[in-house]
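One is the number of the first residue; the rest follow in order along the sequence. For ligands, and for the atoms within them, numbers begin at 1 and follow the listed sequence.
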Amino acid sequence: MEIVPLPTAADVARLAADTIEGLVRRRAADGQPAVLGLATGSTPLPTYAELIARHRAGTGPSYAGVRTFNLDEYVGLPPGHELSYLATIRRDLTDPLGIPPELVHGPDPDEAGLPTAGERYEEELRAAGGVDLQLLGIGTDGHVAFNEPGSSLASHTRIKTLEEQTRQDNARFFGAPDDVPHHVLTQGLGTILRARHLLLIATGESKAEAVATAVEGPLSASCPASVLQLHPHATVLLDEAAASRLERAVHYRFVYEGKPAWQGL
Ligand code: F6R
């Protein structure tokens with residue numbers, strides 16, 4: 001796992017955008033458009049804004065044929081609700097990049113199909129050839145996607161119940177805390193581990209403890225993000241505040257600053 005502490009959240013956004021664009025360009029050069037795994041929530045927004053700004057300035061890559069897969073989705077919102085994660089990712093990223101809606105995927109929260117929704121999403125991911133690069137955020141309780149503490153490290157896409165802490169954290173998007181759904185569909189930790197590159201980004205002091213537990217603590221279902229320790233290619237981009245509880249921060253900075261330019265992330 002590579003930990004990269006950077007001075008500011010804007011630095012995290014720029015490096016995350018560079019990494020995503022690099023992948024999109026490499027896959028296009030191979031003639032196989034990239035499959036991107038996308039996170040919602042607040043943390044990726046500056047990264048998405050950076051990608052959109054470069055696209056509009058004409059300096060970004062072509063997104064022709066790029067397919068995207070969301071990590072998770074609320075269950076119980078009316079179809080097409082503006083706060084559904086599918087509507088959110090279209091508004092915040094894929095529409096502005098010109099990626100057509102039929103190439104933008106998320107777990108299907110339609111109530112009638114819930115018992116099979118997890119397996120159907122796994123099948124969609126398999127049919128797409130798997131995710132090349134999965135962008136991840138982290139919850140204050142260490143969750144990734146909506147795998148809350150205690151989630152199986154080998155889990156697949158399935159329905160889960162949100163912790164009260166996560167509902168409170170996400171209440172800012174809804175009118176009232178009680179409006180936050182209790183249930184979600186989420187890729188499992190085993191699903192996420194199948195992506196070829198994991199790129200976790202975290203900014204702000206509120207994430208510092210979860211980040212330190214995930215990357216320097218033991219591998220444990222009590223901190224779902226610690227599952228990154230099992231992945232052969234996991235990168236963690238942090239601003240100074242999110243890196244503030246790391247014991248080995250000096251070492252991580254030293255390693256990153258000394259990297260040969262050709263190596264990339
Ligand atoms: C959202 C997701 C969540 C968020 C996490 C952090 O698709 O998978 O795990 O990444 O809750 O959310 P923010 O970035 O809003 O702090």
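Annotation: F173 is not in aromatic contact with Y74 [ring centroid separation under 6.0 Å not met].
For atom 16 (O) of ligand 1, the closest non-hydrogen atom of the protein is K207 NZ, 2.6 Å. Of the protein's non-hydrogen atoms, A145 O, 2.6 Å is the one closest to atom 9 (O) of ligand 1.
Separation of atoms CG (D18) and CZ (R54) is listed at 4.5 Å; rounding is to 0.5 Å. Within the model, atoms CG of L93 and OH of Y63 stand 7.5 Å from one another, a figure rounded to the nearest 0.5 Å.
In summary, the atoms of ligand 1 found under 4.0 Å from a heavy atom of D72, numbered by their order in the structure, are 1 (C), 2 (C), 7 (O), 8 (O). Every atom of ligand 1 with a heavy atom of G41 under 4.0 Å away is listed here by number and element: 14 (O), 15 (O). Near L71, meaning under 4.0 Å from one of its heavy atoms, ligand 1 places the atoms 8 (O). Set against the non-hydrogen atoms of G137, the atoms of ligand 1 under 4.0 Å away are 10 (O).
When the heavy-atom distances from atom 6 (C) of ligand 1 to L45, L136, I138 are ranked, the shortest goes to I138.
Atom CD of E209 has 12 or fewer heavy atoms from other residues, nucleotides or ligands within 6.0 Å. No more than 12 heavy atoms of other residues, nucleotides or ligands sit less than 6.0 Å from atom CD of E247.
Using a non-hydrogen distance threshold of 4.0 Å, Q187 does not register as a contact of ligand 1.
Side chain to side chain, T8 and E240 fail the donor-acceptor criterion of an N or O pair below 3.5 Å.
Ligand 1 has no N or O atom lying under 3.5 Å from any N or O atom of Y85, backbone or side chain.
Judged by distance alone, the side chain of D132 and the main-chain N or O of V35 form a donor-acceptor pair under 3.5 Å.
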